[in-house]
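All remarks here apply to the structure that follows.
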Amino acid sequence: MTVRVRLAPSPTGTLHIGTARTAVFNWLYARHEGGQFILRIEDTDEERSKPEFTENILTGLKWLGMEWDEGPFFQSQRLDLYRQAIQTLLDKGLAYRAYDTPEELDAMRETQKAKNQAPRYDNRHRDLTPDQQAVYEAEGRTAVIRFKIDDSRTITWHDLVRGPVTWQASDLGGDMVVARASSASTIGQPLYNLAVVVDDIEMAITHVIRGEDHIANTAKQILLYEALGAAVPEFAHTPLILNQTGQKLSKRDGVTSISDFQKMGFVAPALVNYMTLLGWSAPDAAEQFTLAEAAQQFSFDRVNKAGAKFDWDKLDWLNSQYLHAMEPAALLDLTLPYLQAADYAIDPDADRRWLLPLVGMLAPSLTRLTDVVEQSRFFFTETVDFADDAKAQVQLDGVAAVLEGILAGLNDPAPATLDDLKALVNDVTKAQGVKKGLVMKSMRAALMGALQGPDLMESWLILRQREFDVSRLKAALALV
Ligand code: GLU
């Protein structure tokens, strides 16, 4: 048997971290088993589904590296298939048309509430006679199509994450609506649970891997598989992602869209690595791994039942590990859009010669790609503002002569390497008869306008390539 799994997002919002994590688990399992990963867009909700959300979901999945083997299939293009299945249920006497008005349903719920009963449909139209049906039709009522649920049933399955799960059919809320806005001769809009089951059968899905919030749907769907005479697939319900207070992570917790994580400067390999850890742990307890490594080791017996707390510190830590290990060229490609968005004047081709060493130098201190904007700010200006302590440093006795000595040495022949700059520092130190520490501290103050910052000599070399060292030394000397 070839394992076939699917991701079935509804394009009613951007790609959410929960859906993305479900994608990761599906993908890992498919790759582990040498199976297929299918993408199906569940866009039957015409009002809430938007093409831009579909676009966002597809782009986000690709960005994360969750490439799919088949699809995307769109449920909105498959409505006939669902209507055929509903017709089959009607023909078998397993479904029927119910003509209750919204007011009647409300009244029914009020009565149940008054008696302290859970809300449910009381199946009152299950056995309408053709005459009763004709009367309702004549009144102009529209029907829904309900699938009969046998309240005496106990539904059980062996969940790959949760073990044995049992549901009483009597807890499913009565006969279930599978299509809206129908009439005696038509089948209206097919609904979620029915469409999912028809598709999962038709697409030969062997394992349904999805969030724990779908457990009640699974109980209903198992009854539909049976009614349609199809084999029931395996189910794996993955734990919810929780916020710091232990509630389900939601929009109120701030960022939840994959596109937002991307904008915030997380890189895809770090984010998928982190999502894999939201509920799964590697047999060797490794925390940093590639998707391919995780796929090799993935199994459901290492997926937790308990919810997974979202931990920003850990995500930041993982992201920093990926950034620290990145080649300057790759890092530059990823950071360039942020630098450009910050309106720094950059010619991506001509400036590459100093941008590469710049991002290479900053890499070890980056947590998110966005950090590069602040940390590199001072390389984009001809002059800098002086902090008080830096100003005091350049005004110390003897420092002007040191800075003038350096400035003079920048002309002929112009130093172009780290070694040239080191030699210049040594020459001026000797010529002025001062301590090397004084030269270094004064150069830092003059070039950076501050007494702390990134590596002095590497920074100087970058500024040298732009001749910003000259303009800054002149500005520092003007303070004296
Ligand atoms: N369309 C459903 C959702 O977005 C998922 C359905 C499923 O995985 O069965 O939550």
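Remember, it's 1-based here, ligands and their atoms both numbered in the order they're listed. Throughout, residue positions are numbered sequentially from 1 according to the sequence presented. Not measured: the values here are computed from a predicted model.
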Item to complete: Kindly determine whether Tyr274 and Trp280 satisfy ring pair (Phe, Tyr, Trp, His ring centres under 6.0 Å), including the steps that lead there.
Response: CA-CA 10 Å; Tyr274 180 66; Trp280 182 76; over 10 Å; no
Which heavy atom of the protein is the closest neighbour of [atom], given with residue, atom name and distance?
| atom | result |
| --- | --- |
| atom 9 (O) of ligand 1 | Arg210 NH1, 2.5 Å |
| atom 5 (C) of ligand 1 | Ala8 O, 3.3 Å |
| atom 10 (O) of ligand 1 | His214 NE2, 3.1 Å |

Taking only heavy atoms of [X] into account, list the atoms of ligand 1 that are under 4.0 Å away from them.
| X | value |
| --- | --- |
| Arg6 | 7 (C), 8 (O), 9 (O) |
| Glu42 | 1 (N), 2 (C), 5 (C), 6 (C) |
| Tyr192 | 6 (C), 7 (C), 9 (O) |

Practice prompt. List in chain and number order the residues that pass side-chain hydrogen bond (donor to acceptor under 3.5 Å, both in side chains) with Asp171, two or more places apart in sequence or in another chain; answer none if no residue qualifies.
Written response: none
Practice prompt. Check the angle between the aromatic planes of Tyr29 and Phe298 and answer parallel, tilted or perpendicular using the 30° and 60° thresholds.
Written response: perpendicular
Worksheet item: What do the steps show when you test Trp63 against Phe266 for ring pair (Phe, Tyr, Trp, His ring centres under 6.0 Å), and what is the final call?
Response: CA-CA 12 Å; Trp63 179 68; Phe266 293 102; 9.3 Å; no
Discussion item. Go through it in stages, so that I can follow the logic: the residues are Phe25 and Trp27, the test is ring pair (Phe, Tyr, Trp, His ring centres under 6.0 Å), and I'd like the CA-CA distance, side-chain angles, deciding distance and then a yes or no.
Written reply: CA-CA 5 Å; Phe25 281 18; Trp27 189 95; over 10 Å; no
Fill in: N or O pair under 3.5 Å between Val196 and ligand 1
no
Worksheet entry | Shortest non-hydrogen contact from Tyr99 toward Ala143 | CE2-CB, 3.6 Å
